[in-house]
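First comes the structure, then the notes that go with it.
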Amino acid sequence: MNLFGNAVPWRSIAREALDRTAIVAKFLCLLHVTNTYVCTPTLVYGPSMLPTLNLTGDVLLAERVSHRLGKVGPGDVVLVRSPVDPRKSLTKRVVAMGGDEVTFVVDPRNSERVRTIVVPRGHVWIQGDNIYASSDSRQFGPVPYGLIEGKMLCRVWPLDGFGSLNH
């Protein structure tokens, strides 16, 4: 009786399993690199970006290349790491870049008092489109440019709103 007579089929099966595992691992690596460095889907919900974005939630596609090349400017909707809570990301509109002067209403609900500041170099001023329900640079000041994680390309969900984020 040959103990190793069935070894050849098992080697073939093991090789096939390793080959398929390698394909899955390569796919997951590609997915990780794409999500981290190229583009990523982002769920955005809440009142701060009304009327541009829906209160109940939109899925946006954020590309992660422009901000590394310095191609973010006023009017762009960006994904930003929160300067207050680093575990959270915010979606806001860039209002001003470093060196720009910004005039804003300090507390739009309770007064019409305005304040003007110059955004420091290497920082951006971000605000939600709904100034009455947004926590943004009016509360925590200019945001370091390095906290920008991506620039929003388009809305992908809901389908009836598919397309660019025109203001």
Expected list for residues 24-38: side-chain donor-acceptor pairs under 3.5 angstrom, two or more places apart:
{"from": "Thr34", "atom 1": "OG1", "to": "Leu30", "atom 2": "O", "distance (Å)": "2.8"}
{"from": "Asn35", "atom 1": "OD1", "to": "Thr40", "atom 2": "OG1", "distance (Å)": "2.3"}
{"from": "Thr36", "atom 1": "OG1", "to": "His32", "atom 2": "O", "distance (Å)": "2.8"}

side-chain contact (heavy atoms from CB on, under 4.5 Å) between Val78 and His67, intermediate numbers included
CA-CA 9 Å; Val78 293; His67 73 283; over 6 Å; no
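If you take OG on Ser82 and NZ on Lys88, they are separated by 7.0 Å, rounding to the nearest 0.5 Å. If you take CD on Glu101 and OG1 on Thr103, they are separated by 5.5 Å, rounding to the nearest 0.5 Å. Here the CZ atom belonging to Arg109 is positioned 10.0 Å from the CD1 atom belonging to Ile131, to the nearest 0.5 angstrom. The distance from the CD1 atom of Ile126 to the CD1 atom of Ile148 is 8.0 Å, given to the nearest 0.5 Å. The distance from the CE atom of Met49 to the CD atom of Gln127 is 10.5 Å, given to the nearest 0.5 Å. Atoms CZ and CZ, on Arg20 and Arg15 in that order, are 14.5 Å from each other to the nearest 0.5 Å.
In the hydrophobic clustering, where aliphatic and aromatic side chains (Ile, Leu, Val, Met, Phe, Trp, Tyr) are joined below 4.5 Å either directly or transitively, Val65 groups with Leu69.
Across Val72 and Lys151, no two heavy atoms sit closer than the pair CG2-CD, 4.3 Å. Nearest heavy-atom pair across Gly57 and Pro158 is O-CD, 4.2 Å. Across Met97 and Val124, no two heavy atoms sit closer than the pair SD-CG1, 3.7 Å. Pairing each heavy atom of Phe140 with each of Leu90, the nearest pair is CZ-CD1, 4.0 Å. The shortest heavy-atom contact between Val156 and Phe162 is CA-CD1, 3.6 Å. Contact detail for Ser89 and Leu79: the closest heavy-atom pair is CB-CD1, 3.8 Å.
The closest donor-acceptor contact from the side chain of Arg121 to the backbone of Gly98 lies under 3.5 Å. Between the side chain of Asp85 and the backbone N or O of Arg87 there is at least one donor-acceptor pair closer than 3.5 Å.
The shortest distance between side-chain heavy atoms of Pro83 and Leu147 falls below 4.5 Å. Ser137 places none of its side-chain heavy atoms less than 4.5 Å from the side chain of His123.
Residue pairs meeting the salt bridge (charged side-chain N to carboxylate O under 4.0 Å, His left out) criterion with at least one partner in residues 140-149, sequence neighbours excluded, are Arg81-Glu149.
Cluster annotation: Trp157 and Leu61 are assigned to the same hydrophobic cluster (Ile/Leu/Val/Met/Phe/Trp/Tyr, side-chain heavy-atom contacts under 4.5 Å, transitive). Under the 4.5 Å side-chain contact rule for hydrophobic residues, Ile117 and Val95 share a cluster. When the side chains of ILVMFWY residues are joined at heavy-atom separations under 4.5 Å, either directly or via intervening members, Val80 and Val84 end up in a single hydrophobic cluster.
Ion pair Asp76/Arg93 not flagged as a salt bridge, since none of the NZ, NE, NH1 or NH2 atoms sits closer than 4.0 Å to an Asp/Glu carboxylate oxygen. Between Lys92 and Asp136 there is no salt bridge, since none of the side-chain N atoms of the basic residue sits less than 4.0 Å from a carboxylate O of the acidic one.
Asn130 and Ser48 share no donor-acceptor pair across their side chains, judged by distance under 3.5 Å alone.
Shown are Asp58, Thr91, Asp129; of these, the side-chain hydrogen bond (donor to acceptor under 3.5 Å, both in side chains) with Thr52 is made only by Asp129.
You'll find the ring centres of Trp125 and Phe104 inside the 6.0 Å limit.
Within 6.0 Å of CD on Glu16 lie more than 12 heavy atoms contributed by other residues, nucleotides or ligands.
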